[in-house]
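Report on the following structure.
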Amino acid sequence: MNRRKSIKIKPSNKFLPILCSVSYNKKKYQIHYYKHIKSPKKPTLVITANIHGIEKISSLVALDFCKKMVKLGQKSPVNFVCIPCLNPFGLAHKTRCNGNGVDLMRNSPLRTKKKTFFFGGQNWSNRLPYFQGEKLEKENEIWLKLMKKIWKSTKGPVFHIDIHSGFGWKTSIWPPHTRSFKTKRNKQLFLPFKKMAAQNGMKYSDIPYNISGDMLDHLYELSPRNRAAAATMEIGTWKWIYTMPWRIGLASNWFNPPEKILKKVVREHSKALMTLVNQSHKPN
Ligand SMILES: [Zn+2]
């Protein structure tokens, strides 16, 4: 008897159309998406997740929220675009990197002079974590292409949340380019993120970091910044290791909540994203 009913997640989320596919070792992995641009003048909310394949919880949150937005359909006050899993190879194989061993969040052409040793990105070997790769990987090309289409086809503000998990005791909202772009951000546009954090017990973090090749920073740099805002939602998982030390041995436990509270965590974060919908169409 299976007493634990966990949410099943597959690399192919069949209720969503296929955006593109990537191939590794003659096997295809599909990237699914949802896109509903109701009116170009309305605000657009973009949710992306699971660029680090091991962070399954990020996909679960994105999918749950996406289902709610699909249900809302025409009643939604915002345009909505979602890629619940940017790294289907990583999700299928429970790895951080893609099939080439590249960390897709260290892979953009952005380079920092003072990057953090090793963690900030390395080009020694794809057998080690944080490998940057030499050129933009296909998953990131797909992401960039979609963002360019969104920027082009809309006229209103574009709010982009990229969901991750792992770092921190509780969920943090990180605006992009904390290192050098702080003063160049449109403060007004970042208010909905701040409010979402405040309303949902999350931490709005503006601490500088030195990562080379951050893809969200790269996308933000390319975006029409007078109407675009982006942030990382990092679901902090440390407390579930600290309070349940027997989970320490399995890598995926470092990035995901225990099975028994998975649904609760998904529900809480999906609800928080809904407050962003409300904030983003009346940002003041
Ligand atoms: Zn991540």
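Whatever order the structure lists them in is the order used to number ligands and atoms, beginning at 1.
- For Arg106 and Phe119, the positive end sits near the middle of the six-membered ring, less than 6.0 Å away and at most 45° from its axis.
- Around atom OH of Tyr204, more than 12 heavy atoms belonging to other residues, nucleotides or ligands sit under 6.0 Å away.
- Put simply, the side chain of Glu139 never gets that close to the backbone of Leu86: no donor and acceptor are under 3.5 Å apart.
- Taking a 6.0 Å sphere around NZ of Lys38, one finds it holds more than 12 heavy atoms contributed by other residues, nucleotides or ligands.
- Inclusion of Glu234 in the first shell of the Zn ion (ligand 1) is not supported: no N, O or S atom falls under 2.8 Å.
- When you scan the N, O or S atoms of His164 for the one nearest the Zn ion (ligand 1), you land on ND1.
- His52 contributes atom ND1 as its closest N/O/S atom to the Zn ion (ligand 1).
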